[in-house]
Amino acid sequence: MSRLVVVSNRVAPIDDKKSASGGLAVAMHAALKAQGGIWFGWSGEVVAAPDPEPKHFDSKNITFATLDLSQRDYEEYYNGFANSTLWPLFHYRLDLTEFSRRTYAGYLRVNALFAGKLSAMLKPDDKVWVHDYHLLPLGEQLRQMGHRQRLGFFLHTPFPVPEILLALPNHENLVRSLCAYDVVGFQTKRDVDAFVSYLIQEVGGEVVGEKRVRAFGRTLTVGHFPISVETADIERDAQSALTSRQTERLSESLGDRDLIIGVDRLDYSKGLYQRFQAFEALMETYPDNRGRVTFMQIAPPTRTDVPEYNVIRRELETSAGHINGKFAEFDWVPIRYLNKSFARKTLLGFYRMARVGFVTPLRDGMNLVAKEYVAAQDPEDPGVLVLSRFAGAAIEMGDALIVNPYDVEGVAEALQRALSMPLEERRHRHAALMDVLRSNDIVTWRNRFDEALENAIPDA
Ligand code: F6P
């Protein structure tokens, strides 16, 4: 069996006891644990004089190999091109997309650094699986170094339609580098269509068979592989998490009030401002909820060196303060807004307690919180998921209450519907959603991508 080599910007915590956060980390940890192999990427450390050689650490059947970044690389590659250009662009935020040749050069330089170090570790029959927008050029750079291994790439974010992508001065170079992989995977068919449309419209590419496209002189497999969660583990852990001290304390603090929960990185793509407004509209339009419903939004800060993230942080502080000032009573605060993260297991207990899972990104590749929330519910008395149509998850999860996050009043209506939904309908919707999560869990996702890579017909 070939060795699996996973490459991602962030490498999950090497210590098994620390909770991995974020979809990619959780998913790949599970994949490597089952299959064994290498996980290569950034250590998360920024240092004055980075060691040119990766640090290696073996944990059971996984070898972690990580590189530190210099301040300049961190600024140009991570804060710069990855998170001030590609992230906003791929999330349809042209208004926030910045472009500079300097950060683009830094992005290519760090990708080349990664490719060079990885190159020395690769064996001829390895399967290499590269993740996410930070590392689009890595495969092409490995090819230029002579590597002929099977190379797969999976994009965790949305892939924008051509009209958006064309705003990027070097769109063609980036798409060309994607075509150096043997398999390019996206979250949804919507993203595949956007990619294929670009190839056809902009560079004379063509579809040459089922899931096969030809462009830039190469033929590759393109498909959608909706990422998922460890459904069975979550079901089990959420039940036991209910009796944890933290969940009990949350329950005591709520009394008999219903809980609406949101859990997101503090990112402008998550629609938190509009979400707060929708909650305010719920309080205005359905005043019976005042004093009876608590909205807890957990939003750990992220990418704090990128200025836009501080702007959204200030907006949310103002908004939460405004809503609480307007509606709070001496014995009830409507919004509990927490800028901190919690252990995964604690979150599962919180999800299980919550009557409503509130997941309303303005644009999201998949959104695993939506899936985790559903998997964590008590099937006898499940809560209701209110889910944005712009999350990739909405395509599979049609039995949630699907909303348009820009329609604040419509979202308030959906919240009211969720809070008052009869038990039978809740059970019915939950069962339908669980069917989806059981038939496409994290293992299925991994196996489907792995199979596509295994069967990929290598192109020169
Ligand atoms: O959604 C894209 C993604 O790379 C996720 O896989 C991950 O959870 C998140 O972004 C992490 O962001 P960062 O590494 O910038 O904190």
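Counting starts at 1 for both ligands and their atoms, following the listed order.
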Is the NZ or CZ atom of Arg93 both under 6.0 Å from the centre of the six-membered ring of Trp87 and within 45° of that ring's axis? no
For a ring pair (Phe, Tyr, Trp, His ring centres under 6.0 Å) with Tyr337, tell me which candidate from Phe276, Phe295, Phe279 qualifies. Phe276
Tell me whether Asp132 has any N or O atom under 3.5 angstrom from an N or O of ligand 1. yes
Which of the atoms in ligand 1, numbered in the order shown and given with their element, are less than 4.0 Å from a heavy-atom of Thr302? 16 (O)
Between Trp87 and ligand 1, which residue portion shows a heavy-atom distance shorter than 4.0 Å: side chain, backbone, both, or neither? side chain
Donor-acceptor side-chain pairing of Asp191 and Thr188 below 3.5 angstrom: yes
Have a look at ligand 1 and work out which part of His131, if any, has a heavy atom under 4.0 Å from it: side chain, backbone, both or neither. neither
If we ignore angles and hydrogens, is there a donor and acceptor under 3.5 Å between the side chains of Arg109 and Tyr104? no
For ligand 1, find out whether one of its N or O atoms is nearer than 3.5 Å to an N or O atom of Arg10. yes
Between Asn111, Thr103, Asn9, which is the residue that forms a side chain to side chain donor-acceptor pair (under 3.5 Å) with Tyr77? Asn9
Residue among Glu235, Glu396, Glu230 satisfying salt bridge (Lys or Arg N to Asp or Glu O under 4.0 Å) with Arg438: Glu235
Heteroatom distance test (His134, ligand 1): nitrogen or oxygen, under 3.5 angstrom: no
Short list, please: which atoms of ligand 1 are under 4.0 Å from a heavy atom of Arg303? 9 (C), 10 (O), 11 (C), 12 (O), 13 (P), 15 (O)
Regarding ligand 1, does Tyr78 bring an N or O atom to under 3.5 Å of one of the ligand's N or O atoms? yes
